[in-house]
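One structure is given here, and the rest of the page talks about it.
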There are 2 protein chains.
Amino acid sequence: MRCTAFHLLSDDESLCARLRGASAEPPHRLAAHGELATLANGEVALIDIASPGLPPLQAPFWRVQCERLKIGILSPSPSDGEGLLALEAGAHGYGHSYAAEHSLQQMLDVIASGELWVGRSLMARLLKGVRQASVVSGKGWQVLLTEREREVASMAAMGESNLSIANALGITERTVKSHLTTIFDKLDVTDRLQLALRIHGIR
Amino acid sequence: MRCTAFHLLSDDESLCARLRGASAEPPHRLAAHGELATLANGEVALIDIASPGLPPLQAPFWRVQCERLKIGILSPSPSDGEGLLALEAGAHGYGHSYAAEHSLQQMLDVIASGELWVGRSLMARLLKGVRQASVVSGKGWQVLLTEREREVASMAAMGESNLSIANALGITERTVKSHLTTIFDKLDVTDRLQLALRIHGIR
DNA sequence: TCACGTATCGTACTCAGGTACTAGGAGTGT
DNA sequence: ACACTCCTAGTACCTGAGTACGATACGTGA
């Protein structure tokens, strides 16, 4: 879905120029953030976060507007922290205001269709938050196991049941048990909890 | 940037039909996941995760291929968990294999340009993960528990059996079980392994 | 050819873990 | 006095996990 029309709040003429071909109609310029309140629900708006007089991203103003509008935040100096704030405020997108034209247009199209647009760096940061130390510090255990055993071991260490492991790997629960018995023996542990502690580097 | 050509691994004819107009050329069909290894670096491939014979997302196979290719994972029954696995494996996109044509095309264009494509639900999950990771997982579990429960919880999370916990604390095994039931309920986990993962800051 | 490792699967068994339902005593705040 | 939380504990029950016997098949190297 191509974005047909959108609003823009920015003093940056170069940004405006790059956005001129990004939708069927040229962007409608907003003079101040207060005008956001006058837009109809579901409309698309790009906000240059460097514009003077904007409330901080933590302000309730953004949560309210992001509820009803599709808002993309552009920053001349994007950071993961700022991106997190933007997304937590409910923004549909966060990106670089000096990004290339096709990149801006893509962001516009994505958020116009109701999805979220997030750059790679920020995405990596998000994943890191979820994953944390999930895939392990000590590598000693890996070299002791075969390829298949490593798969089973890491799933068991993440709390998966034998049955769900079996389904995920397309084998029988019995076979999973068989692998686990071998794994416990090789790593010198007695059960899956000890295995998890070992794999996640706790004692 | 429009995606010009891409590869597709799926048995689903309807999916293939919906993708026919999504790029300049019709999708090149792959017969088996092994063929991914024959593609040139940087090429775009959509993978229907329901295709028979695929290795699980945890398998090193995906990490390797996602390093060199731009891979989008499609699932007939997407879940946040599966999406996380896909992204952690290095996939550039994760979405619904029954998604509308324009949605699939958008995903294709986004990952072709090197960015990441993630649905709303999964994104929300990621954000929640960051918030929890930064706020809760540090000591959040401790404030939810009473003094006695903290003792039991930390011992259980270190792999102690109910009986040894009971002996250490001078109470009955039954009482330990009772505490644990309360603990599981408070921390919203199902067993001692999940408890250990929670307490040790893994997811 | 044969030994060996790896991956797969079967049946049967034991046992720790977890739940359901219940309940008494101690302490605390209203 | 009453409500509430916390710690304690009993019986009964179900289930997943792990083990103990197996077994077949495949590939590799001696």
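Lettering of chains follows the sequences in order, A, B, ..., and the numbering in each one begins at 1.
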Rounded to whole Å, please give me the gap between [atom1] in [X] and [atom2] in [N].
{"X": "A:E173", "N": "C:dA12", "atom1": "CD", "atom2": "P", "answer": "16 Å"}
{"X": "A:L163", "N": "D:dG18", "atom1": "CG", "atom2": "P", "answer": "14 Å"}
{"X": "B:N162", "N": "C:dT19", "atom1": "CG", "atom2": "C1'", "answer": "13 Å"}
{"X": "A:I165", "N": "D:dA17", "atom1": "CD1", "atom2": "C1'", "answer": "11 Å"}
{"X": "A:N167", "N": "C:dC9", "atom1": "CG", "atom2": "P", "answer": "12 Å"}
{"X": "B:E147", "N": "D:dC7", "atom1": "CD", "atom2": "C1'", "answer": "13 Å"}
{"X": "A:R174", "N": "C:dC9", "atom1": "CZ", "atom2": "C1'", "answer": "7 Å"}
{"X": "A:R150", "N": "C:dT6", "atom1": "CZ", "atom2": "P", "answer": "11 Å"}

>> According to salt bridge (charged side-chain N to carboxylate O under 4.0 Å, His left out), does anything in residues 26-54 of chain B pair up with another residue at least two apart or in another chain? List the pairs.
In response: B:E13-B:R29

Run the side chain to side chain contact (heavy atoms under 4.5 Å, CB included) test against [X] and tell me which residues pass, sequence neighbours left out.
{"X": "A:S154", "value": "none"}
{"X": "B:D191", "value": "B:L193, B:Q194"}
{"X": "A:A153", "value": "A:W141, A:L145, A:I183, A:L195, A:I199"}
{"X": "A:T181", "value": "none"}

>> Closer than 3.5 angstrom, by distance alone: can the side chain of A:K70 be matched with the main-chain N or O of A:I111 as a donor-acceptor pair?
In response: no

>> Checking the side chain of B:R198 only, and the main-chain atoms of B:L187 only, is there a donor and an acceptor separated by less than 3.5 Å?
In response: yes

>> Is it the case that the base of C:dT6 and the side chain of A:R148 share a donor-acceptor contact (distance under 3.5 Å, atom types as modelled)?
In response: no

Every protein N/O within reach of nucleotides 25-30 of chain D N/O, cut-off under 3.5 Å:
none

Test item: [X] and [Y] side chains (from C-beta on) under 4.5 Å apart, heavy atoms:
{"X": "A:Y94", "Y": "A:L74", "value": "no"}
{"X": "B:H200", "Y": "A:L197", "value": "yes"}
{"X": "B:S10", "Y": "B:L46", "value": "no"}

>> Check this one for me: any side-chain N or O of B:T175 less than 4.0 Å away from OP1 or OP2 of D:dC7?
In response: no

>> Can you list everything that forms a side-chain hydrogen bond (donor to acceptor under 3.5 Å, both in side chains) with A:D188? Sequence neighbours excluded, please.
In response: none

> By side-chain hydrogen bond (donor to acceptor under 3.5 Å, both in side chains), which residues pair with A:N41, not counting sequence neighbours?
Replying inline: A:R68

> Using the ring of each side chain (for Trp, its six-membered ring), is A:H28 parallel, tilted or perpendicular to A:H7, with breaks at 30° and 60°?
Replying inline: perpendicular

>> With each end axis built from five pairs of C1' atoms, what bend angle do you get for the helix from C:dT1-D:dA30 to C:dT30-D:dA1? Round to 10°.
In response: 40°

> What does B:T172 touch in the nucleic acid at a heavy-atom separation under 4.0 angstrom: a base, only the sugar-phosphate, or nothing?
Replying inline: sugar-phosphate

>> Just to be sure I understand the rule, does A:T146 reach a base, reach only the sugar-phosphate, or reach nothing, if contact means heavy atoms closer than 4.0 Å?
In response: sugar-phosphate

> What string of B, S and - do you get for nucleotides 24-30 of chain C, 5' to 3', when a contact is any protein heavy atom under 4.0 Å?
Replying inline: -------

> Using a heavy-atom distance cut-off of less than 4.0 Å, which residues of residues 177-192 of chain B contact DNA chain D?
Replying inline: B:S178, B:H179

> Side chain of B:I171: nearest nucleotide among C:dA7, D:dA9, C:dG10?
Replying inline: D:dA9

Enumerate, atom names and distances included, each donor-acceptor pair closer than 3.5 Å involving a side-chain atom of residues 169-180 of chain A, sequence neighbours excluded.
none

